[in-house]
Amino acid sequence: MEIPSKYNPVEVEDKWYKYWLEKNYFHSEPDDRDPYTIVIPPPNVTGVLHMGHMLNNTIQDILVRRARMLGKNACWVPGTDHASIATEAKVVNKLKSEGIDKNDLSRDEFLKHAWEWTDKHGGIILEQLKKLGASCDWERTCFTMDEKRSESVIKVFVDLYEKGLIYRGVRMVNWDPQAKTAVSDEEVIHKEEQSKLYYVRYQIEGEEDYVTIATTRPETILGDTAVCVNPNDERFQHLKGKRVLVPLVKRSVPVIMDDYVDMEFGTGCLKITPAHDINDYEIGMRHNLETIDTFNDDGTLSEKAQLLVGVDRFEARKQIIPMLDEAGNLVKVENYTNKVGYSERTDVVIEPKLSAQWFLAMEKLAKPALEAVESDDVEFHPKKFKNLYRHWMGNVKDWCISRQLWWGHQIPVYYLADGSFVVAESADKALAKAQEKTGNQNLTMADLTQDEDVLDTWASSWLWPISVFDGINDPENEDIKYYYPTDDLVTAPEIIFFWVARMIIAGYEYRQDKPFKNVYFTGIVRDKLRRKMSKSLGNSPDPLDLIKQYGADGVRVGMLLCSPAGNDLLFDEALTEQGRNFTAKIWNSFRLVKGWEVSDSIEQPEHSKLALEWFEQKLSEQLTMINDHFDKFRISDALMTIYTTIRDEFSSWLLEVVKPAYQQPIDRTTYEGVLDALDKVLRVLHPFMPFISEEIWQLLRERKDGESIMISQWPEVGEVNAETLAGFEAVQEAIAGIRNVRKNNNLAMKESLELKIYPGDKGYNKQFDAVIKKMGNLSAIELVAEEVKGAASFRVFSSSFFIDLGELIDVEEELKKLEEELKYTEGFLNSVMKKLSNERFVNNAPDAVVAKEKAKQADAEAKLKVLKEQIANLK
RNA sequence: GGGCGGUUAGCUCAGUUGGUUCAGAGCACUUGGUUUACACCCAAGGGGUCGGGGGUUCGACUCCCUCACCGCCCA
């Protein structure tokens with residue numbers, strides 16, 4: 001069999017992904033094994049694969065692949081979400097570029113375009129995930145607007161309405177004047193900005209006197225319906241019961257008193273615009289103020305403003321200043337830093353606006369969801385996110401679920417001519433309800449008008465863990481009963497409220513159970529300079545290019561190497577390079593093994609037998625650590641452990657020990673032993689690097705059609721003998737010692753040496769002598785009864801090792817080395833003795849700790865003795 | 001303004017219930033190396049008063065207080 005000297009990831013990865021698909025290994029059906037389920041955080045249909053997806057899906061794939069190898073029935077459900085605002089914006093823009101105005105289209109016509117767009121672009125990201133190696137059950141792919149998911153959303157709306165949890169209300173909402181829709185609090189991003197604070201004076205009605213207010217938004221003056229001061233403010237007592245005139249429009253409004261006003265801020269006097277500021281709105285409610293909505297939906301000034309009608313709000317701000325100045329109302333302008341809310345989707349400034357919207361009452365629903373996380377029934381990794389969650393859930397506000405858009409699930413509310421309405425899952429049912437409600441059997445569909453608005457996208461994705469198994473429509477079906485609750489959710493902390501919290505809420509409301517057992521929060525992918533990766537900055541590499549360049553395995557490793565759990569990760573292409581280098585390392589180890597000629601006629605050398613025995617235990621020890629890392633969701637630590645195991649323990653130690661001499665064959669027993677070891681190592685590696693592990697595993701031994709490492713078993717932890725491991729560590733130190741002696745004396749590896757060992761007080765274990773002999777290229781190992789004079793030396797524990805070099809040894813140099821060791825050991829012993837002579841330590845510390853200190857004392861004393869003898873010998 | 005998290009080697013981070021001279025890993029760096037798998041490599045090595053101060057303790061990177069700085073969330 002020809003094994004290429006260079007590993008070619010592109011070819012190999014395509015080949016095996018195709019093979020896995022052909023064999024249908026990703027697909028899951030309920031059976032009598034334990035399920036292991038992950039639902040993908042659905043990427044939205046406007047998206048293309050970015051580094052965040054790479055990280056997120058790499059982690060999911062690792063978890064799923066390992067679970068599969070642990071014998072679980074693993075099911076990873078993929079899908080996408082429809083992203084109401086983002087998609088609608090894209091479609092509107094696309095139409096615009098074709099000269100079509102959305103306003104000229106009917107709802108149905110627009111939706112046709114939107115579906116076309118979705119069909120064309122919606123699946124791109126899932127196709128890209130395949131390049132990464134994602135082992136999703138593609139047969140189960142879902143979309144938040146496909147038939148079953150849509151039905152679920154509508155059904156839930158009706159149900160929540162009937163439970164009295166959904167209500168319609170006129171509230172202050174976050175209005176996006178570009179998308180012309182309300183958005184939720186979570187979709188508003190506050191940015192600090194340099195702006196101006198304008199001081200404007202209002203004339204007191206019937207007097208020549210003025211009162212001065214400060215505002216950052218002078219254009220809203222036109223909607224003012226009061227001026228407010230703090231009732232405790234001495235300065236303004238004379239204003240009580242008076243009225244002032246709003247500048248320019250000369251409207252007479254009352255002066256009111258409210259504790260809300262901060263006496264220290266500005267002039268201590270506040271203008272009140274209930275229609276355009278959330279706080280003003282609340283004050284307005286308390287004082288029964290009139291509300292004057294001076295803005296149109298697109299952010300221009302409305303007729304009600306009287307002035308500047310049709311002018312955009314920012315332009316209006318510019319224009320109103322000279323107007324105020326001219327009218328003698330402008331007092332001064334100061335620079336001011338404040339926070340301004342921007343729409344997450346369109347990046348325009350959010351306008352607080354009164355509007356009629358649908359809300360979901362959250363308080364009652366949130367309770368079980370909060371408790372679930374408090375009690376770790378749903379466990380967050382890392383734990384610190386519990387605090388954040390508690391804080392949000394404890395102060396949860398009602399959720400504005402309506403959006404003034406077309407793309408999405410149209411709200412199943414049907415209005416009658418008199419403004420009353422019915423809520424039903426379909427138009428037919430609505431009609432029946434309406435007939436019943438009105439007692440008028442002659443009502444027809446034409447008498448009903450469905451609400452124009454759609455539901456917030458999160459109102460469909462919060463059902464995701466249930467709806468992908470159709471558990472809303474058909475709560476007793478086999479899939480939902482088998483796969484729910486799912487096991488792990490992997491997502492970004494930025495959507496902890498948008499999505500995670502709401503899924504937990506929906507889980508308890510509709511399944512009386514959590515949606516998942518663990519939530520693993522990944523970091524945010526940033527560049528080396530800690531900037532968030534974004535298209536506009538152009539600082540994000542194209543993941544598919546990276547895969548082409550370094551291989552999917554290399555990229556997966558690169559992602560993980562920089563992703564400590566829960567911290568942001570600073571992505572650097574150099575890490576991907578490290579990942580690729582690692583694939584080369586593994587490939588070369590494999591080539592070495594496969595390149596050996598195997599002989600049945602030679603005996604297994606002692607050193608090979610010992611090394612294989614040691615490695616088996618070493619691997620078990622490492623595997624225990626890896627399993628533990630997995631249990632704690634320390635995925636990058638798990639990777640680092642297998643990384644060093646392969647590079648150091650397997651390649652640098654095991655292979656170097658068993659490696660036959662040049663052009664010599666290897667004995668059959670050792671060869672098979674090495675293949676077994678590599679087989680195990682590959683299986684542990686597989687979740688991290690699925691492709692190269694499969695390629696090598698397939699070449700390692702003859703495999704039948706239908707065999708694959710991805711459906712093989714995760715290795716069992718075998719017995720570990722601490723003495724063997726400690727013994728081998730001593731061997732490694734001894735070999736390092738020999739290498740040092742060679743290096744310091746310019747002795748080539750080819751020259752074989754004689755090693756003499758003086759066991760010292762604690763004795764010497766010769767179990768691994770054969771290994772030392774091979775690795776050190778020694779002609780003999782001899783135990784001696786006393787120190788060897790004039791030889792190069794080093795110590796491992798309390799034994800001394802000597803290599804006689806004739807006259808070559810530099811006594812001064814050797815003495816210096818020994819003195820240093822002596823000094824260190826004395827210092828060490830000192831610190832131990834200090835503790836042991838402290839009565840309070842001996843009395844208070846646990847016995848085990850004291851015993852340990854005593855053992856340290858004995859070891860140090862033995863070593864000191866050896867060192868002193870040796871120094872005496874040299875002198 | 002309120003809350004949360006962080007500060008450990010040049011960089012990114014571990015450090016599990018206080019207990020080995022315990023200060024660690026990876027990368028980067030330095031030195032040496034054409035040993036017949038691999039320079040996408042091997043071997044060896046340097047580097048940190050664990051943010052400052054105080055306290056508890058026989059013993060503190062670890063617990064408490066305080067200050068400084070950074071980040072995030074909410075208002």
Side-chain angles (χ1 to χ4, degrees), chain A residues 3 5-7 185-186 190 262 265 278-279 339 382-392 394-395 397 493-494 496-497 523-524 526 528 530 550 554 560-572 574-575 577-596 628-629 632 634 636-637 639-641 643-644 647-648 651-652 655-656 659-664 735-736 739-740 742-744 746 748-750 777 824-832 834-846 848-850 852-857 859-860:
Chain A
I3 294 170
S5 66
K6 286 259 185 280
Y7 176 68
D185 292 343
E186 288 72 32
H190 294 272
D262 177 358
F265 183 81
I278 181 69
N279 297 306
K339 287 210 171 165
K383 281 249 184 297
K384 64 179 177 186
F385 289 107
K386 267 176 90 166
N387 287 327
L388 193 62
Y389 181 86
R390 181 187 309 123
H391 192 253
W392 189 78
N395 301 287
K397 302 222 177 65
E494 41 192 5
I496 184 169
F497 310 131
I524 295 166
R526 296 174 185 277
K528 269 191 279 190
R530 282 195 185 275
Y550 299 101
L560 280 178
L561 285 176
C562 60
S563 59
N567 284 327
D568 286 359
L569 50 109
L570 277 44
F571 183 79
D572 185 344
L575 293 163
E577 202 175 313
Q578 194 187 337
R580 188 227 18 218
N581 293 352
F582 185 49
T583 58
K585 178 74 189 172
I586 301 166
W587 185 250
N588 283 313
S589 296
F590 164 67
R591 279 206 305 137
L592 171 67
V593 173
K594 267 296 176 179
W596 287 330
D628 184 53
H629 286 320
K632 293 176 177 147
R634 296 175 166 183
S636 38
D637 289 342
L639 168 64
M640 193 45 76
T641 309
Y643 178 91
T644 51
R647 196 192 56 187
D648 301 337
S651 298
S652 296
L655 292 187
E656 291 300 333
K659 194 174 180 178
Y662 183 47
Q663 292 192 330
Q664 295 299 305
I735 291 164
R739 282 174 181 160
N740 263 330
R742 282 185 188 277
K743 194 178 170 189
N744 294 338
N746 286 320
M749 189 59 197
K750 279 178 199 157
N777 189 18
Y824 174 89
T825 313
E826 277 173 342
F828 176 74
L829 181 61
N830 246 333
S831 76
V832 173
K834 220 159 92 190
K835 280 190 199 175
L836 284 173
S837 59
N838 183 337
E839 258 180 60
R840 284 191 291 183
F841 171 73
V842 180
N843 294 336
N844 293 330
V849 174
V850 177
K852 255 188 197 172
E853 292 299 315
K854 288 199 171 145
K856 280 196 286 187
Q857 180 195 354
D859 285 347

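Every heavy atom of this structure was used, including side-chain atoms; hydrogens, water molecules and symmetry mates were not.
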Quiz prompt | From His391(A) atom NE2 to Phe385(A) atom CZ, the distance as rounded to the nearest 0.5 Å | solution =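 Here the interatomic distance stands at 15.5 Å.
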
Quiz item: When rounded to the nearest 0.5 angstrom, what distance separates CG in Asn581(A) from CZ in Arg647(A)?
Solution: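 Separation between the atoms: 11.0 Å.
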
Quiz prompt | Considering all heavy atoms, the nearest Lys659(A)-Trp596(A) contact | solution = CA-CZ2, 3.9 Å

Quiz item: Which nucleotides of nucleotides 56-62 of chain B have their base under 4.0 Å from a protein heavy atom (B), which only their sugar-phosphate (S), and which neither (-), written as one string 5' to 3'?
Solution: --B----

Self-check item: Nucleic acid footprint by protein, nucleotides 30-46 of chain B - heavy-atom cut-off 4.0 Å, B for base, S for sugar-phosphate alone
Solution: ------BBB-BSSSS--

What nucleotide among [options] has an atom nearest to a side-chain atom of [X]?
X	options	result
Lys856(A)	C27(B), U20(B), C4(B)	U20(B)
Met640(A)	A25(B), U21(B), C4(B)	A25(B)
Phe828(A)	C27(B), U20(B), C4(B)	U20(B)

With a 3.5 Å limit on both atom pairs, tell me what [N] is paired to, counting Watson-Crick and G-U wobble, or say none.
N	value
C58(B)	G19(B)
C41(B)	G33(B)
C4(B)	G71(B)

Quiz item: Is there side-chain contact between Met640(A) and Leu561(A), with at least one heavy-atom pair below 4.5 Å?
Solution: yes

Rounded [atom1] spacing from [N] to [M] in Å:
N	M	atom1	result
A28(B)	G6(B)	C1'	24 Å
U7(B)	U62(B)	C1'	15 Å
U8(B)	G24(B)	C1'	10 Å

Exercise. Ignoring backbone atoms, test whether Arg634(A) places a side-chain nitrogen or oxygen under 4.0 Å from the OP1 or OP2 oxygen of G15(B).
Key: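 Answer is yes, contact under 4.0 Å.
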
Figure out the [atom1]/[atom2] separation between [X] and [N], and round it to whole Å.
X	N	atom1	atom2	result
Leu560(A)	U12(B)	CG	C1'	14 Å
Lys386(A)	C72(B)	NZ	P	25 Å
Asn395(A)	C74(B)	CG	C1'	8 Å

Quiz prompt | salt bridge (charged side-chain N to carboxylate O under 4.0 Å, His left out) partners for Asp648(A), two or more places apart | solution =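 Once residues adjacent in sequence are excluded, Asp648(A) has no partner under the salt bridge (charged side-chain N to carboxylate O under 4.0 Å, His left out) criterion.
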
Quiz item: For residues Asn588(A) and Arg591(A), is any side-chain donor paired with an opposing acceptor at under 3.5 Å?
Solution: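 Their side chains do contain a donor-acceptor pair, which is all the 3.5 Å distance test asks for.
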
Quiz item: Do the rings of Tyr643(A) and Phe582(A) sit parallel, tilted or perpendicular, given the 30° and 60° boundaries?
Solution: tilted

